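Take a look at the following structure, please.
Nothing fancy with the numbering, it's 1 onward along the sequence. A quick note: this is a predicted structure, and the numbers were derived from the prediction, not measured.
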Amino acid sequence: MTSPDRPLNAPDDQPRACLLELVGAIEPWDDLERTHQKTATQWIASGAPLHRVRKPDLPAMHLVSYFVILDDMRGQLLLVAHRKAGLWLPAGGHVEPGEEPWATVVRECREELGIEAVASPITGEHPLFLTVTRTRGQGTHTDVSLWYLLNADADTITSYDQGEFDAIRWLTVEQVLEEPDELLDPHMHRFARKLQHTRARRHHR
């Protein structure tokens with residue numbers, strides 16, 4: 001799925017092909033996710049740079065791995081109050097050059113929350129959700145974000161990166177959906193609904 005004008009001979013063709021496969025395997029939740037999936041696929045296949053090389057906005061579009069931690073027994077999700085964004089978001093970070101998106105999840109989970117990343121049995125080491133979002137504030141840019149789902153007991157998360165986050169909160173999916181849109185990542189409600197549907201479908205099998 002590369003651009004017809006771009007032969008498959010660049011050094012990053014294999015990682016790029018893997019990323020296209022990862023993005024293509026996501027089952028879109030709605031028309032917006034379908035549009036974002038198409039945008040991301042075209043961007044990856046175009047040969048454009050994928051990784052941030054200078055903070056905050058070079059290049060203007062780059063790859064991010066989000067991870068939403070689910071305490072499955074309590075049915076609660078972890079959100080963090082991100083200092084720079086001024087919003088409640090999932091934890092996560094930019095994918096570094098030469099790094100696979102799942103490896104970013106593992107690294108950021110350890111750095112930001114001090115725990116090992118454990119993939120949810122619902123998704124495994126694959127993203128559940130994809131968004132393409134224009135950031136707010138200074139150095140605006142576009143994040144192509146892969147949303148992963150992790151499992152953890154809420155009691156095991158006892159600290160967090162206070163340089164990045166002001167606070168953390170555990171909320172049920174229903175509580176997330178009750179939060180005002182303007183306080184959250186702009187796609188958080190859509191992710192919560194997709195997760196709700198995915199969990200219900202899995203339990204009915």
| query | Going hydrophobic residue to hydrophobic residue with side-chain gaps under 4.5 angstrom, can you get from Ile122 over to Val118? | reply | no
| request: May I ask you to check whether over 12 heavy atoms, not counting those of Glu27, lie within 6.0 Å of atom CD? | output: no
| query | Do the side chains of Leu150 and Leu130 join up, straight or via other hydrophobic residues, at under 4.5 Å, putting them in one cluster? | reply | yes
| task | Compare every heavy atom of Ala40 with every heavy atom of Val23, then report the nearest pair and how far apart it is. | result | CG1-CB, 4.4 Å
| Minimal non-hydrogen separation, Lys194 against Trp29, with atom names | CD-CB, 3.5 Å
| message | Tell me whether the NZ or CZ atom of Arg169 lies within the 45° cone about the ring axis of Trp88 and under 6.0 Å from its centre. | response | yes
| said: For Glu21, is the CD atom crowded, meaning more than 12 foreign heavy atoms sit under 6.0 Å from it? | reply: no
| Do you know the tightest heavy-atom contact between Asp153 and Thr156? | O-OG1, 2.6 Å
| request: Check whether any side-chain heavy atom of Leu113 sits under 4.5 Å from a side-chain heavy atom of Ile69, and report yes or no. | output: yes
| query | Do Val132 and Thr35 come within less than 4.5 Å of each other through their side chains, counting heavy atoms only? | reply | no
| task | Group every Ile, Leu, Val, Met, Phe, Trp and Tyr by side-chain heavy-atom contacts under 4.5 Å, then state whether Leu79 and Phe129 land in the same group. | result | yes
| query | In terms of side-chain geometry, is the basic nitrogen of Arg83 or Asp161 positioned less than 4.0 Å from the acidic oxygen of its partner? | reply | no
| query | Which value, rounded to the nearest 0.5 Å, describes the distance between Glu164 atom CD and Asp166 atom CG? | reply | 11.0 Å
| message | Looking only at side-chain N and O atoms, does Asp143 offer a donor or acceptor that is under 3.5 Å from a partner on Tyr66? | response | no
| request: If the plane angle is over 60° it's perpendicular, under 30° parallel, otherwise tilted; pick one for His141 and His94. | output: tilted
| query | Can Trp170 be reached from Tyr148 by stepping across I, L, V, M, F, W or Y side chains whose heavy atoms are under 4.5 Å apart? | reply | yes
| task | May I ask you to decide whether Glu33 forms a salt bridge with Arg193, counting only side-chain N to carboxylate O separations under 4.0 Å? | result | no
| request: Taking the side chain as every heavy atom from C-beta outward, state whether Phe191 and Val68 have any atom pair closer than 4.5 Å. | output: yes
| query | Is the number of heavy atoms from other residues, nucleotides or ligands under 6.0 Å of Glu100 CD greater than 12? | reply | no
